[in-house]
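Taking it in order: structure first as C-alpha cells, then the write-up.
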Amino acid sequence: MPHDPFSLTALGGAALAVPILVWYLVRRPPLVRTTKIVLLFGIGVFPIVTAGSGNIAGFEATKTRRFCGSCHVMTPYAQDSGDPTSETLASRHGRNAAFGKDNCYACHADYGMFGTVTTKIGGMRHVYHYVTHYHDVPVAEALPTIEIRRPFRNEACTRCHSTGVPGWNEIGDHASLIEELRAGQVSCVSSGCHGPAHPFSKVGRDPARTFRDHVGRAP
Amino acid sequence: MKKLLRAAAVLTLLALALMVWSVLQPTPLPVMLAMSLGQALGTGAFAMFGLAILIDLRRSRRIRRESRQPPLASLREVLAPPEHESPEVSLRIPVLRELLTPPAREAPEDPSGELPAIEAPAPAAAPAPVADPETVPTTDRSEDKA
C-alpha cells in the first residue's frame with residue numbers, strides 16, 4: 001500500500017469518483033441540474049485530481065529501485081544495489097542517504113535541463129528491448145549478455161564528485177587523466193578504476209562485446 | 001445524449017481503474033498504460049461529458065427562446081396566409097376568424113320594434129384575387145358566414 005501523498009490523493013480521488021459513476025450508471029437519474037453537477041465531479045473534478053496526482057506518483061515510482069528491478073532480468077542488479085552487505089559500487093551508492101531507494105535513477109539518469117525527459121525516453125527503449133527480446137529469457141542466460149545501451153557517462157559521476165575540487169585532484173590518477181575523464185575517453189567505472197558498478201554481471205565477459213553483438217541488432 | 005453520458009461514465013471508470021492499478025502496482029506495464037491509455041480514456045470521457053452538456057444547454061436555450069414568444073403573435077404567424085393567398089382564404093376556422101378579425105359595427109335597433117324586412121341579397125362582390133386556384137376552398141363562403 002503506498003504511503004506518499006500523491007498516491008493517496010490519487011486513490012482518494014478515485015474513491016470519490018467511482019461511487020458517483022456507479023450511481024449514475026445503475027440508477028440512471030434524470031438529467032437535471034443536480035445530476036449534471038454531480039457528474040461534473042464524477043467525470044471531471046475527481047478524475048482530474050486522480051490523474052494529476054497519479055501521474056506524479058507514477059513518475060516518482062519510475063525512479064525507484066523497485067520499479068527498475070520489476071523486470072526479471074534486472075532483479076539481480078536491484079537486489080545487489082539494495083544489499084547492505086554488498087561491496088559493489090552500486091551498493092555503496094545505494095547506502096548513501098541522498099540516493100536511497102532511487103539509487104538506480106540517481107546514477108543512470110541523464111544530466112542537464114532535459115535529463116529527465118531523455119532518461120524517460122531511454123527507459124521506454126529499455127522496455128521495448130525487454131518486451132521484444134528479454135521477456136522470455138531466463139536470468140542466468142540474460143545476465144552475461146545484457147549491456148548498457150550507451151557507455152556509462154562520466155558526467156553521472158562528476159555531477160557529485162566534481163573534478164574541480166582540490167581533494168579530487170590530489171589523487172594522482174585523477175590528476176593525470178583529468179582531460180581524458182572530462183572528454184569521456186576514460187571511464188570512471190572501468191575495471192581498472194572504480195568499477196564495474198555491477199561486477200557480478202561482468203564475470204567472464206568480453207568487454208569489447210556490445211549489445212549489438214549479443215542481440216544482433218542496434219539498440 | 002444520455003448514451004453519451006453513460007459512455008463517458010464507463011470510460012472514466014476504465015481510466016480510473018488503470019490509474020489505481022498503476023498506483024497500487026507501480027511496475028512498467030501498469031504505469032505505462034495509465035499514463036498513455038488511461039490519460040486518453042479520461043480525456044476522451046471528459047470531452048464527451050462536455051459535449052453532452054453543450055448539447056443539452058443549446059437545446060434548453062432553444063426551448064426557452066421559443067417559449068418566450070407571445071402566443072397570439074405566434075398564432076397569427078401560423079395562420080398568416082402565404083404571400084400568394086388571400087387573407088380570407090386562410091381563415092378557414094370560424095372560431096379563429098372571430099378571434100382574429102376586428103368586431104364589426106352593430107346596426108342600430110329600429111325604434112318601431114318591427115323586424116326588418118328581408119331584402120334580397122345584394123349581388124356578390126368581386127371575388128378576391130386568387131393566384132393558385134387549387135388553394136381556394138371549395139365550400140360556399142355564405143355557409144361559413146352563417
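Below, chains carry the letters A, B, ... as their sequence lines are ordered, and counting in each starts from 1. Only a predicted model underlies this, so the values are computations on that prediction, with no experimental measurement involved.
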Residue [X] versus chain B: region with a heavy atom under 4.5 Å:
X: A:Cys68; answer: neither
X: A:Ile43; answer: both
X: A:Ala10; answer: side chain
X: A:Phe59; answer: both
X: A:Leu40; answer: both
X: A:Ser53; answer: neither
X: A:Val18; answer: both

Counting heavy-atom pairs under 4.5 Å with chain B, the top scorer among A:Asn55, A:Asp4, A:Val127 is A:Asn55
Can you establish whether the number of heavy atoms outside [X] located under 6.0 Å from its atom [atom1] is more than 12?
X: A:Tyr105; atom1: OH; answer: yes
X: A:Met124; atom1: CE; answer: no
X: B:Arg59; atom1: CZ; answer: no

Rounded to the nearest 0.5 Å, what separation is found between the [atom1] atom of [X] and the [atom2] atom of [Y]?
X: B:Ile53; Y: A:Leu39; atom1: CD1; atom2: CG; result: 7.0 Å
X: A:Arg33; Y: B:Ser60; atom1: CZ; atom2: OG; result: 9.0 Å
X: B:Thr12; Y: A:Phe46; atom1: OG1; atom2: CZ; result: 13.0 Å

*asked:* Just so I know, are the side chains of B:Arg6 and A:Arg28 near enough to count as touching, which here means a heavy-atom distance under 4.5 Å?
replied: yes
**Asked** Do A:Leu11 and B:Leu24 have side chains that get closer than 4.5 Å, going by heavy atoms?
**Response** yes
Which heavy-atom pair separates [X] from [Y] by the least distance, and what is that distance?
X: B:Lys2; Y: A:Pro30; result: NZ-CA, 4.4 Å
X: A:Phe67; Y: B:Thr27; result: CE1-C, 3.4 Å
X: A:Pro47; Y: B:Leu16; result: CA-CD2, 4.1 Å
X: B:Val31; Y: A:Gly58; result: CG1-O, 4.3 Å
X: A:Ala51; Y: B:Gln39; result: CB-NE2, 3.9 Å
X: B:Ala9; Y: A:Tyr24; result: CB-CD2, 4.3 Å

[X] versus chain A, the contacting section by heavy-atom distance below 4.5 Å:
X: B:Leu18; answer: neither
X: B:Met32; answer: side chain
X: B:Phe49; answer: side chain

ask   = Step by step, would you call A:Leu25 with B:Leu13 a side-chain contact (heavy atoms from CB on, under 4.5 Å)?
value = CA-CA 11 Å; A:Leu25 288 172; B:Leu13 279 175; 3.7 Å; yes
